[in-house]
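Before any comments, here is the structure.
Convention: sequence-line order gives letters A, B, ...; per-chain numbering from 1.
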Number of protein chains: 2
Amino acid sequence: MGGETIRKATIDLVRENNRALILRALRRGGAQSRTALGQVTGLSPAAISGITSAMLDEGVLLQADGESGTAKARGRPQVKLSLNPLRGCVVAVMIAVNRIRLKLVDYAGKECTESHVDVAALEMQRGEFIRTIGDAVFSLLDETLNAAGPLSRIEVSVQGITDGAGEKILWSPVLRAREIDLARRFSRRFGVPVSVMNDCAAMTEALQWIDPPRYRERFAAILIGYGVGMGLFLDGAPLVGLRDSAVEFGHMNHVPEGALCRCGRRGCVEAYAADYAIWRRAKGKDDQKLVAPPSAEEMALIEDRARQGNEQALAAYREAGCAIGFGLGRLFALIGPVPVAFTGSGTRTMDLLEEGLRDGFEQSLVEDLRGELVFETLGDEAALVFKGLAMGALNRLDTEDIAALQVSS
Amino acid sequence: MGGETIRKATIDLVRENNRALILRALRRGGAQSRTALGQVTGLSPAAISGITSAMLDEGVLLQADGESGTAKARGRPQVKLSLNPLRGCVVAVMIAVNRIRLKLVDYAGKECTESHVDVAALEMQRGEFIRTIGDAVFSLLDETLNAAGPLSRIEVSVQGITDGAGEKILWSPVLRAREIDLARRFSRRFGVPVSVMNDCAAMTEALQWIDPPRYRERFAAILIGYGVGMGLFLDGAPLVGLRDSAVEFGHMNHVPEGALCRCGRRGCVEAYAADYAIWRRAKGKDDQKLVAPPSAEEMALIEDRARQGNEQALAAYREAGCAIGFGLGRLFALIGPVPVAFTGSGTRTMDLLEEGLRDGFEQSLVEDLRGELVFETLGDEAALVFKGLAMGALNRLDTEDIAALQVSS
DNA sequence: TTTATTTATTTCACGCTCTGAAAAAAATGT
DNA sequence: ACATTTTTTTCAGAGCGTGAAATAAATAAA
């Protein structure tokens, strides 16, 4: 309301805005006729006609010349327009512990090819690491051949902290190097825009496309597993810090002077809710001693024990849930209640966490006015992250590159 | 980046945007020549000429016909344009405990008249309360006579919770009634748009105008006194909840199962940092018992005692600061570090709070990466609130009413 | 098979925007 | 009185969306 930086508007801005409007309608609603686009966007038939014919010429759109979907209607049949898959493609890169996964998605949003590289990233030098990813992208492009258009964007996700501009990895628990300027290095090598984002931020972009009624203006995505991460979507965009990717829910303090966290401080949410925290609590270890990250098998053992009624294991899950619940309560105290999506390996035991979670939430909740805690648990976080990376990249491609009017034409 | 709802753009949008741009330049930079406006906005001389001549005709702008500020320059002298004070006026209403204060500000931003009504708001019925404020606005308008233009907007602030749309007071500690729909009632009586906002939200709007270099994109305003409130400015606009005014920093949990708060829950920041919390701690009272709000004299007594080295009093201030420090650390964990402005009666003892504040902040801080805690203490909160109300109202008047092109013309 | 009807899309005149260049205005210097 | 300098206005030009009319492409009816 107060201080958005307004910029000068020219006539071009109108066209760019309306081009983006039409692209978004097609991306969200799939192939549509010009008439349908007119209804969705509110633009006049004349405007739709002008804009789409330009985009057809540019090779951005495709006209469904063949059959008409709506047969035997009375008048002239609608001709459906769709995004041209060959207009370009984006590559989504997900950096995980010891494995880099890649997917290539065409302009229409279809996943074409994928690959992965197993690497000991924690032991790699910055240069080698960057080269490895670059080579993997190159191979994937090679493999795709002519199944998709030319590379248009690369989008990278990583667990950890990226910079606010989406250019660098500042720090990641899965990497040894710091301050890795992926964007500059890759955009030089591939000649296309490159962004880096936190994996939880990528998940929020995905949720928006997967379940728009629920995840619309404001919502949060929480990843529980090796650590605890959060992506926050606020007023139509992922919240990103001015200097870094912000949203360090896992390292928000839960209890002053509380349990020891990997980060060296005490009482972080993560020190109660991450794998290692649950494990050490269930094992009755000193919560002021750090433990090595437990394996999936070890966590399964703890889970079994809890399900068999072991008090200490149950308490570990309860306290983990409680830390998250208090954290959510504190978040809601600051930005109001928002729907939450949980993912990650830690959500396998969501039923064990839930009691503590609701308990902690209730205790830290401000007012009964504030509405209920609305959350759901989503399975495969990797699929979410990829979806978010791809849709984010395509969306930026639409608005920044394709909707934008070329200076020379 | 992801999902801003784009709307259809027409040619009118361009004009409206550029009109708003020029109005903002004049409001921020004071009277300026057309040339200067061109440099600030980036618009061509032709565009500036067209827009300003329309606004002069409409009576929005005023031309400084008399002397030229920059004498004896070589060429044709610049003619300064300014906002026409008589274009309209706004009334800012600040609802405080037992006193309602009003200021009338002309379109150019000058405070014209002010008044106040002493009322026992806590004992008033909804209808009587609304009528009392309305009458006060009426009297103020009467008193102003022709010193300002016609009433264009009313902006009301209140301590407590307003709705997200800025129409109702949902709950306030200084009022008995709930769900007071001021906007509808007043806009019917006065025939102008009316907004209601939380007092801390108003302060953020003020900070933006008072010290733009420091308070630009993101910052927080914290009011310490009878209670603890916060206004959060995020990406160019005050953060407001979807259903209510959100940002309940004072009732964000500090310690699970902690001290008893006025709100009935335990461990809220306010239960450590508000007047009554400091008082009861310094007096060695049970922190699980609520106490009546201490008077200014009683608080001064506690302050004296602390300054004389009384351990218990010092601890009260230290713990109050600590609660705020932890709260800030948690806020920063979620949205990244932002500059903070403190106001309110509680800041008289900022020196006593500061040690605990920095201590708590350090303990809850995530990384040394995250930058230092930058804050300042500002004196008179009422002045800030009024400034915020007035500038907010004028800004909305500019963008929503004056920049907007009339349908019939 | 031909004609009427219906619906989708395109075309065109119009009014609006900003821009760039040229013209006009208003001061000072010579 | 004329040249110079700077500000402001004017005007042609290109681009945009709109609304109305024209065109296209199908089915239903004759």
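Counting atom types as modelled, A:R74 pairs a side-chain N or O with a base atom of C:dT5 as donor and acceptor under 3.5 Å. In this model, no side-chain donor or acceptor of B:R34 finds a partner on the base of D:dT7 within 3.5 Å.
Comment: B:R153 engages B:E400 in a salt bridge, judged by a side-chain N to carboxylate O separation of less than 4.0 angstrom. Note on A:R184 versus A:D181: salt bridge recorded, some NZ/NE/NH1/NH2 to OD/OE distance being below 4.0 Å.
The CD1 atom of B:I11 sits 12 Å away from the C1' atom of C:dC14 (whole-angstrom rounding). We find that CD1 of A:I51 is positioned 12 Å from P of C:dT10, with the value rounded to whole Å. In this structure, A:K80 atom NZ and C:dA8 atom P are separated by 13 Å, rounded to whole Å. Rounded to whole angstrom, the span from the CG atom of A:L13 across to the P atom of D:dG17 amounts to 11 Å. The CD atom of B:Q78 sits 15 Å away from the C1' atom of C:dA25 (whole-angstrom rounding). One can place CZ of A:R76 at 4 Å from C1' of D:dA24, the figure rounded to the nearest angstrom. Between the CG atom of A:N18 and the P atom of D:dT18 there is a distance of 7 Å, rounded to whole Å. Summarising the geometry, the separation between CD on B:Q39 and P on D:dT8 is reported as 11 Å, rounded to the nearest angstrom.
Comparing B:G75 and A:D12, the nucleotide of DNA chain D nearest to each residue sits closer to the 5' end for B:G75. Nucleotides of DNA chain C nearest to A:K8 and A:A36 differ in position, and the one nearer the 5' end is that of A:A36. Mapping A:T52 and A:A9 onto DNA chain C by nearest heavy atom places A:T52 closer to the 5' end of the strand.
One finds the CG atom of A:L13 at 6.5 Å from the CG atom of B:L13 (value rounded to the nearest 0.5 Å).
Taking only side-chain atoms of B:P45, from C-beta outward, the nucleotide of C:dC18, D:dT9, D:dC16 with the closest atom is D:dT9. Proximity note for B:T35 (side chain, C-beta onward) versus D:dA25, D:dC16, D:dT7: the nearest is D:dT7. Checking C:dT19, D:dG17, C:dT9 against every side-chain atom of A:V79, the shortest atom distance belongs to C:dT9. Candidate nucleotides D:dT8, C:dT19, D:dC16 were compared by shortest atom distance to the side chain of A:R15, and D:dC16 ranks first.
When Watson-Crick and G-U wobble pairs are counted only if both distances are under 3.5 Å, D:dA30 pairs with C:dT1.
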Next item on the list: Show the numbers, then the answer: is there a side-chain contact (heavy atoms from CB on, under 4.5 Å) between B:I154 and B:V192?
Entry: CA-CA 7 Å; B:I154 300 174; B:V192 298; 4.1 Å; yes
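Close to C:dC18, at under 4.0 Å from its OP1 or OP2, lies no side-chain N or O of A:T10.
Taking the ring axis of B:Y107 as reference, the NZ or CZ atom of B:R27 stays within 45° of it and closer than 6.0 Å to the ring centre.
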